[in-house]
Q: 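Structure incoming, see below.
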Amino acid sequence: MWKTSAALARDVYRRQRTGASPSAGSSSRLRSSLTATRLCQVRSEGNYSYRLYCMKSEPEDTAAELHRPIPARQSVASLQDGFLSGQTPQANELSTGTQAEVEVVIAIGGNVGDRVGNINKALEILRTSAIRVTGHASLYESAPAYVTDQPPFLNSAVKASTRLDPQTLLKQLKTIEFQLGRTQGGVRYGPRPIDLDILYYGSLTLETDALQIPHPRIAERPFVLAPLVDLLSPQALEVNPGDWTKHPSIESGEVQSAWNDRFGGETCVGKEGLKRVLPLGKSLWDWSGRTYVMGVLNLTPDSFSDGGSYLRTESALEQVRKMVSEGADFIDLGAQSTRPGAKRLTTEEELDRLLPVLDAIAEAPGLEGVCLSVDTFDARVAEEAVSRGVHVVNDVSGGTLDSNMLSTVAKLGVPYIIMHMRGEPQTMQNKLNTQYSNVCSEVADELAARFRSAELAGIPSWRMITDPGIGFAKTLRHNVELLRHLPTFREELSWRNKAASNGPMLLGPSRKGFLGKLCGLAEGKDRDFASAAAFTIGVAGGANIIRAHNVRAAYDAVKVADAVYKTRK
């Protein structure tokens with residue numbers, strides 16, 4: 001006797017997704033359907049076309065053999081001529097019941113209206129739509145494809161966990177697109193405020209009239225491949241059955257090969273209409289062409305280098321003008337000293353020092369376009385500073401000293417400099433906090449953990465700048481090792497989080513104590529030549545921003561270093 005088995009296949013697929021073992025009956029019938037089946041018909045239900053397989057009933061005396069659980073069959077996928085394709089007998093069968101969390105990858109892009117704002121809003125809605133975002137790719141600006149007479153696109157991707165089945169997930173993404181102003185119709189591949197596509201849904205290969213997973217044109221689009229490869233962290237060797245990295249096209253290395261072989265991998269970025277960017281104020285910052293200088297303004301009486309020099313608002317404002325005239329791209333204002341052993345201020349004390357200077361800068365003629373960062377580990381100070389025009393939050397603690405910092409920065413929507421430090425300024429140089437077996441590896445590991453915490457709190461990777469924390473919880477030997485092996489540190493970081501490694505890296509050796517020990521210089525202000533040497537080493541090692549007390553010395557040092565190591569714009 002022959003009978004159809006669409007319902008059976010759906011039940012087995014649901015059990016595979018939830019991790020449940022098939023029942024004795026379904027196990028035996030599944031093996032029959034995989035070993036003695038023939039395609040009877042194709043039935044459409046809504047947007048989905050189910051393949052119906054017919055199977056022959058087995059004799060009862062073989063039931064015991066067939067009751068053993070059968071491993072799920074892998075989908076077969078390949079990248080050919082820029083297309084992903086794949087098919088298995090159960091590939092089109094969707095779960096209709098509760099299922100375990102599945103890791104998905106969703107591409108995000110758009111080129112109409114407030115491009116960054118639309119992506120931010122899409123991410124906010126995703127997080128309230130039974131879709132838990134767990135990682136972000138870098139942000140890319142790309143030339144339009146297919147239809148070229150339109151504005152450039154912003155593109156990224158996220159990985160997320162969800163219990164939504166593919167059809168429901170697709171409907172949810174279309175709803176978000178509608179909420180953000182995308183309408184039906186229009187020119188295919190034409191302008192759109194937001195575009196959300198399912199690139200991967202666990203290890204599933206699916207092909208229906210409405211949905212293909214993996215997305216069929218991944219391999220012909222560098223603006224899709226680049227974010228996708230960002231999400232492939234090589235260290236993630238142990239993955240759950242529902243993870244997207246278990247898909248054959250990922251496990252076989254075909255996606256990585258398409259990126260490297262077809263487009264040249266990282267050499268493609270900055271060329272062919274594809275560049276990595278970071279939203280900064282109202283602009284998109286491409287940091288790849290030269291090294292940027294961040295001038296330090298300490299509004300403290302006890303900083304190790306220039307404490308007490310700029311306590312008066314007038315002197316602070318004069319110093320800002322001087323640093324800008326000398327070539328500073330950023331001005332970093334700090335009202336809380338972070339020297340070893342520094343006393344922690346109350347929020348009110350920190351604000352009392354900071355706000356008058358911020359207000360003066362806001363009113364000063366000629367300083368309207370100055371990019372400001374605030375050096376603080378206090379969330380309330382960060383929030384107040386941003387409300388008064390600060391563009392960047394620079395947190396030496398990476399969110400460890402104020403439990404509200406990460407959620408606050410996520411809400412503020414500004415770039416976040418996330419630095420490595422152990423302990424706090426009063427304890428960071430003790431014996432416990434300065435123990436390392438391999439400083440590059442351990443700093444990368446701990447910084448990647450803070451980076452992940454920030455992502456889970458809602459700060460996308462493309463809003464973060466990393467800082468290995470020269471002088472913080474490190475001895476002289478550790479600081480020298482980090483400077484010597486900056487490329488190794490960045491490689492170690494890439495091994496843990498590629499998007500973190502792809503982003504800008506800040507380096508702050510300026511006037512630090514280890515330079516004084518190396519050169520026999522007790523006073524911070526006497527260490528500018530030593531600092532310039534450290535800046536040059538940093539540029540050679542791949543630093544993108546140099547934080548400096550003496551902006552003129554830093555500017556000249558990085559200008560020469562850039563001429564050797566980078567192409568200045």
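No experiment lies behind these values; they were computed from the predicted model shown.
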Q: Strictly below 4.0 Å, N to O, side chains only: are Glu442 and Arg422 in salt-bridge contact?
A: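 Yes, charged N to carboxylate O under 4.0 Å.
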
Q: Counting only N and O atoms by type, is there a donor-acceptor contact under 3.5 Å from the side chain of Ser156 to the main-chain atoms of Ser138?
A: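 Looks like yes, one N/O pair under 3.5 Å.
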
Q: Would the distance check show the side chain of Asp195 and the main-chain N or O of Asn155 forming a donor-acceptor pair, the cut-off being under 3.5 Å?
A: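 The answer is no, because no donor-acceptor pair under 3.5 Å joins these two groups.
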
Q: Do side-chain atoms of Lys474 reach the backbone of Gly469 as a donor and acceptor pair under 3.5 angstrom?
A: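 Confirmed, Lys474 side chain pairs with Gly469 backbone.
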
Q: Does the pair Arg388/Glu384 count as a salt bridge with the N-to-O cut at 4.0 Å?
A: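 Yes.
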
Q: Side chain to side chain donor-acceptor pair (under 3.5 Å): which pairs involve residues 529-544, sequence neighbours left out?
A: Arg490-Asn544

Q: What I want to find out is whether Arg484 reaches Glu481 closely enough, with some N-O distance under 4.0 Å, to be called a salt bridge.
A: yes

Q: Any donor-acceptor pair under 3.5 Å linking the side chain of Asp526 with the backbone of Ala522?
A: no

Q: Step by step, would you call Arg182 with Val112 a side-chain contact (heavy atoms from CB on, under 4.5 Å)?
A: CA-CA 10 Å; Arg182 186 172 181 183; Val112 174; over 6 Å; no

Q: Run through Asp359, Leu333, Val390 and flag the one making a side-chain contact (heavy atoms from CB on, under 4.5 Å) with Leu354.
A: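 Exactly one option meets the side-chain contact (heavy atoms from CB on, under 4.5 Å) with Leu354, and it is Leu333.
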
Q: Thr291 and Lys566: side-chain donor and acceptor closer than 3.5 Å?
A: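 Indeed, the side chains of Thr291 and Lys566 share at least one donor-acceptor pair under 3.5 Å.
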
Q: Is the shortest side-chain N to carboxylate O distance from Lys159 to Asp230 below 4.0 Å?
A: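 Here Lys159 does not pair with Asp230 in a salt bridge, since their nearest N and O are not under 4.0 Å apart.
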
Q: Are side-chain heavy atoms of Val105 and Leu228 found at a separation under 4.5 Å?
A: yes

Q: Inspect the contact between Glu326 and Arg552 and indicate whether a charged nitrogen and a carboxylate oxygen are less than 4.0 angstrom apart.
A: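 Result for this pair is no, no salt bridge flagged.
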
Q: Keeping the roles fixed (side chain from Asn111, backbone from Pro191), state whether a donor-acceptor pair exists under 3.5 Å.
A: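 The answer is no, because no donor-acceptor pair under 3.5 Å joins these two groups.
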
Q: For this output row, return yes or no: ring centroids of Trp259 and Phe223 closer than 6.0 angstrom.
A: no

Q: Would you say Tyr146 and Arg221 are linked by a side-chain donor-acceptor pair, where the criterion is simply a distance under 3.5 Å?
A: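 Distance-only check passes for Arg221 and Tyr146.
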
Q: Testing the 3.5 Å rule here: is there a donor-acceptor pair between the side chains of Asp378 and Thr376?
A: no

Q: Is there a side-chain contact between Pro279 and Leu284 (heavy atoms, below 4.5 Å)?
A: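 Answer yes - side chains close enough.
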
Q: Any non-hydrogen side-chain atom of Thr300 less than 4.5 Å from a side-chain atom of Arg353?
A: yes

Q: Checking Asp395 against Ser397: is there a side-chain donor and acceptor pair closer than 3.5 Å?
A: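 There is such a pair (donor and acceptor under 3.5 Å, judged by atom type) between the side chains of Ser397 and Asp395.
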
Q: Report yes if some heavy atom in the side chain of Val370 is under 4.5 Å from a heavy atom in the side chain of Leu367; otherwise report no.
A: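 A side-chain contact under 4.5 Å exists here.
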
Q: So, the side chain of Lys512 versus the backbone of Ile470: is there a donor-acceptor pair under 3.5 Å, distance only?
A: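 A pair under 3.5 Å: yes.
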
Q: Taking Thr427's backbone N and O only, do any of them form a donor-acceptor pair with Asn430's side chain (distance below 3.5 Å, no angle check)?
A: yes

Q: Looking at the rings of Phe472 and His420, which for Trp means the six-membered one, are their centres under 6.0 Å apart?
A: no

Q: Does a donor on one side chain sit under 3.5 Å from an acceptor on the other, for Asn497 and Glu455?
A: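 Looking only at side-chain atoms, Glu455 and Asn497 do form a donor-acceptor pair, the distance falling under 3.5 Å.
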
Q: Side chains of Ser441 and Arg496: any donor to acceptor distance under 3.5 Å?
A: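 A donor-acceptor contact under 3.5 Å links the two side chains.
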
Q: Is there a side-chain contact between Met294 and Val551 (heavy atoms, below 4.5 Å)?
A: no

Q: So, do Tyr140 and Trp462 have ring centers that fall under 6.0 Å from each other?
A: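 For Tyr140 and Trp462, the ring centres are not under 6.0 Å apart.
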
Q: How about Leu506 and Tyr292: do any of their side-chain heavy atoms sit closer than 4.5 Å?
A: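 Of all side-chain heavy-atom pairs linking Tyr292 with Leu506, none is under 4.5 Å.
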
Q: Name the one of Leu406, Thr466, Thr408, Val392 that satisfies side-chain contact (heavy atoms from CB on, under 4.5 Å) with Tyr416?
A: Leu406

Q: Testing the 3.5 Å rule here: is there a donor-acceptor pair between the side chains of Asp375 and Gln336?
A: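 The answer is no; no qualifying pair exists.
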
Q: Is there a side-chain contact between Arg344 and Leu401 in this structure, where contact means two heavy atoms from C-beta onward sitting under 4.5 Å apart?
A: yes

Q: Decide, yes or no, whether a salt bridge links Glu177 with Arg192 under the criterion of side-chain N to carboxylate O below 4.0 Å.
A: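 Result for this pair is no, no salt bridge flagged.
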
Q: Working to the nearest 0.5 angstrom, can you tell me the gap between Ser337 OG and Glu350 CD?
A: 11.0 Å

Q: So, does Glu368 use its side chain to make a donor-acceptor pair with the main chain of Pro365 at under 3.5 Å?
A: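 Looks like no, no N/O pair under 3.5 Å.
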
Q: Any chance you could measure Ser461, atom OG, to Arg463, atom CZ, to the nearest 0.5 Å?
A: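 So the OG of Ser461 and the CZ of Arg463 are separated by 10.5 Å.
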
Q: Check whether any side-chain N or O of Ser142 sits under 3.5 Å from a backbone N or O of Gly273 as a donor-acceptor pair, and report yes or no.
A: no

Q: State the NE2-CG distance between His478 and Asn438, to the nearest 0.5 angstrom.
A: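 Rounded to the nearest 0.5 Å, the NE2-CG separation comes out at 9.5 Å.
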
Q: Quick one: do the Thr434 and Gln429 side chains pair a donor with an acceptor below 3.5 Å?
A: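 On atom types as modelled, these side chains do not qualify, holding no pair under 3.5 Å.
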
Q: Tell me whether the count of non-hydrogen atoms from other residues, nucleotides or ligands lying under 6.0 Å of CD in Gln179 goes above 12.
A: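 Buried by this count: over 12 neighbours within 6.0 Å.
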
Q: Which pair of non-hydrogen atoms, one from Cys519 and one from Ala530, has the smallest distance, and what is that distance?
A: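 What the structure gives for the nearest pair is SG-CB, 3.8 Å.
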
